[in-house]
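Here is the structure we will look at, set down as structure tokens.
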Amino acid sequence: MLNNPKLNSSIQLPEKIAGINVDVPPQQFNCDISTNAAMILSKANKKPPLEIANELAELIKKNDEEIDTITTVKPGFINIKFKNSFWNKFIKEIISQKEGFGVNKKSPKIKYLIEFVSANPTGPLHVGHCRGAILGDVLSNLLSFNGHKVSKEYYVNDYGNQIIHFSKSVYFRIREILNNEPFPTSNKDLYPGDYIINIAKNIINNNKNLKFDNFDQVSLKLTTLSVAESLKLIKLNLKNLGIVHDKFVSETELVKNNEVEKTIKKLKANNFVYEGKIKAPETEKNTNWKERKQLLFRSTDFGDDKDRALQKEDSSWTYFASDVAYHNNKLDRKFDVLVNILGADHAGYIKRITSSVEAISGKKNKLVCKVSQLVKLIKDGKPFKMSKRKGDYITVEDLLNEVGKDASRFIMLSRSSDVELDFDFTKVKEKSKDNPLYYVQYCYTRIASVFRNVEKQINDDIKVKNYEFNYTNDEIKILKKISEWPKCLEVASNKLEPHRIPVYLYELSSEFHSYWNMGKDDETKRFINNDKKISDEKIVFLKAISIVIKSGMEILNVDTPEKM
RNA sequence: GCGCUUGUAGCUCAAUUGGAUAGAGCGCCUGACUUCGGAUCAGGAGGUUGAGGGUUCAAGUCCUUCCGGGCGCACCA
């Protein structure tokens, strides 16, 4: 506005304007929006903030007919209260945009690649994988909602020692079934889980002419089959959680296609790779450390603690080497921003992998890593520890059977991913106010129930003659809350913090429930009149609320039932 | 030892990307069902935002030093 020469303002703008915000202020200020502009501009103008605020207030008032009152306060805030015409225009806008309301149409559209889950294909997913899975999924929904292009990817670590141990475990289970040989439980490298038995059975049934006399002879074929089986399980788990990836990228394929060699060559050309030695790790446990000359990536150039190994002694690639190749592959596919969702235990890996992306792209592209913290499971008020020992770890399937997809998603998302999350099985199952999911769903259900009672559908398009309503302060309070929705989406997208959505939806629901109960004492606050009709004013108001709840819940991929 | 991360009400957590008098839920106390669905609502008590220092007109938020929790510190994945 200040750039507009017609205003003929005497206020000087600094070279860079940063930090000027327009926000909905805390309730007690009794106004609709507020800006800190005067305080930011104070220095460049060498005037006290309040003086600038007053000048600005004059300018704004002159140029906007929808402002009722404009006041300046203490340090230099400018507070604005709108006329009803503003709110009518606002609500008309929501009704016409429907679920598209809140999308930031001005922001440039970006091509994102979001890698998440990427759990080892050695068995079904367990609860520990859930949080990151849901986080990545909702982040993808959020960014696509905002009009960005998003590819959801799963990196399949089907190469290396773990996979050999896994397929060997399947091999022994097959021998157990076919030849009645006992499974070698003493071998700690093997996977003891019962699901391996099912995988073994499936492989036997589908490959009648395969011989299982010697592991080395079937190893290659068996590994492929075993990985395929566990991927089938994983994909089913994900689907039941409401998650479908766009692409699964196989580590083995990358190695086979020489992508690792190509990538290392590229890095070598820029002097990021060399033959050298690294010092022993600082941990006390590692007493059998052997110093060795090996192929290293210069991650210390980017601030990492030490350079990182690319090749093992037997000349096969390290996990890191093929992961660098995967990220090179991502960059080749021309994504603007790469996002990885990692578990807390992999946080130490971030520095080296972001370093590799910087090295490959010449600092042109960025990899953003988002860490999802641990989920502390609580059952009957007591912490529940999972261990790899058979029988006492909870799978995604257990979780879904017990609490369901919607409650799992909503609760896992309701906290910042930076913070450990208490997941109380007993509480999440409860269908009560203890459970924020039902609180928000109940809000939508109540609105649907009003529509039903006046023989309409909540999904119907609303048509009214005109938007000339007189909303009361209690209604404007909710409209103000709705006006914060676009900002909520913007911040959640920019900071990759989807937990802001459930938090927002809870707050909006709370204000709605509060308004609803006012109808007990005050008939004018009821949606349905005594003659079983609803006014245009009220139906438009309800529709606006339902639009925001619905689109929020769709981003979370959580159901909004019309009856509960 | 080093790195990352975290510390907000008795408990679990928010806090509009540095804004005004730090907000919810649970638990505790008091109240509202002849209901457009009580899976709800109104009110009360509860805080030196781990501690100190700094930057700023403005700090829970940024910088710094301590203290306490979590995770990590491989040729594993």
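The model shown is predicted, which means the values in this text are computed figures rather than measured ones. Values reported hereafter were calculated over all heavy atoms of this structure, with side chains retained and with hydrogens, waters and symmetry mates removed. Letters go in sequence order (proteins before strands), and every chain restarts at 1.
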Whole-angstrom distance between B:rC76 and B:rA59, as gauged at atom C1': 43 Å
Interatomic distance where CG belongs to A:D422 and P belongs to B:rG27 [whole Å]: 16 Å
Sugar-phosphate only, base, or nothing, as touched by A:F320 at under 4.0 Å among non-hydrogen atoms: nothing
Of A:Y515 and A:D305, the one whose closest RNA chain B nucleotide lies more 5': A:D305
Stacking check A:F77 vs B:rA20 (5.5 Å / 30 deg): yes
Touch class at under 4.0 angstrom, heavy-atom based, for A:K74 against every strand present: sugar-phosphate
Candidates B:rA15, B:rU16, B:rC75 - which lies nearest the side chain of A:T318: B:rC75
Nucleotide of B:rU40, B:rA15, B:rA77 approaching A:K312 most closely (side-chain heavy atoms): B:rA77
Salt bridge A:D522-A:K525, side-chain N to carboxylate O under 4.0 Å: yes
For B:rU40, the Watson-Crick or wobble partner whose two distances fall under 3.5 Å: B:rA32
Pi-cation contact, A:Y274 with A:R298 (under 6.0 Å, within 45°): yes
A:K330 NZ/CZ over A:Y326 ring centroid, <6.0 Å and within 45° of normal: yes
Residue A:D345, side-chain heavy atoms: nucleotide from B:rU17, B:rG37, B:rC71 that is nearest: B:rC71
Value in whole Å for how far the P atom of B:rG23 lies from CG of A:L508: 20 Å
A:Y319 ring over B:rC76 six-membered base ring, under 5.5 Å and 30°: no
Nucleotide nearest A:Q162 (side chain, heavy atoms from C-beta), chosen from B:rA77, B:rG25, B:rC41: B:rA77
A:H346 aromatic ring stacked with six-membered ring of B:rA77, 5.5 Å and 30°: yes
Nearest-Å distance for atom pair CD/C1', residues A:Q373 and B:rG7: 13 Å
Centroid-centroid under 6.0 Å between A:Y349 and A:Y319 rings: yes
A:K279 NZ to B:rG1 P, straight-line distance once rounded to whole Å: 16 Å
From B:rU16, B:rA24, B:rC36, nucleotide with atom closest to A:V450 side chain: B:rC36
A:N494 side-chain N/O to B:rU16 phosphate OP1/OP2 under 4.0 Å: no
Test log, rule side-chain hydrogen bond (donor to acceptor under 3.5 Å, both in side chains), inputs A:H327 and A:N340: CA-CA 10 Å; A:H327 284 80; A:N340 288 5; 3.1 Å; yes
Sugar-phosphate, base or nothing in reach of A:S514, heavy atoms under 4.0 Å: sugar-phosphate
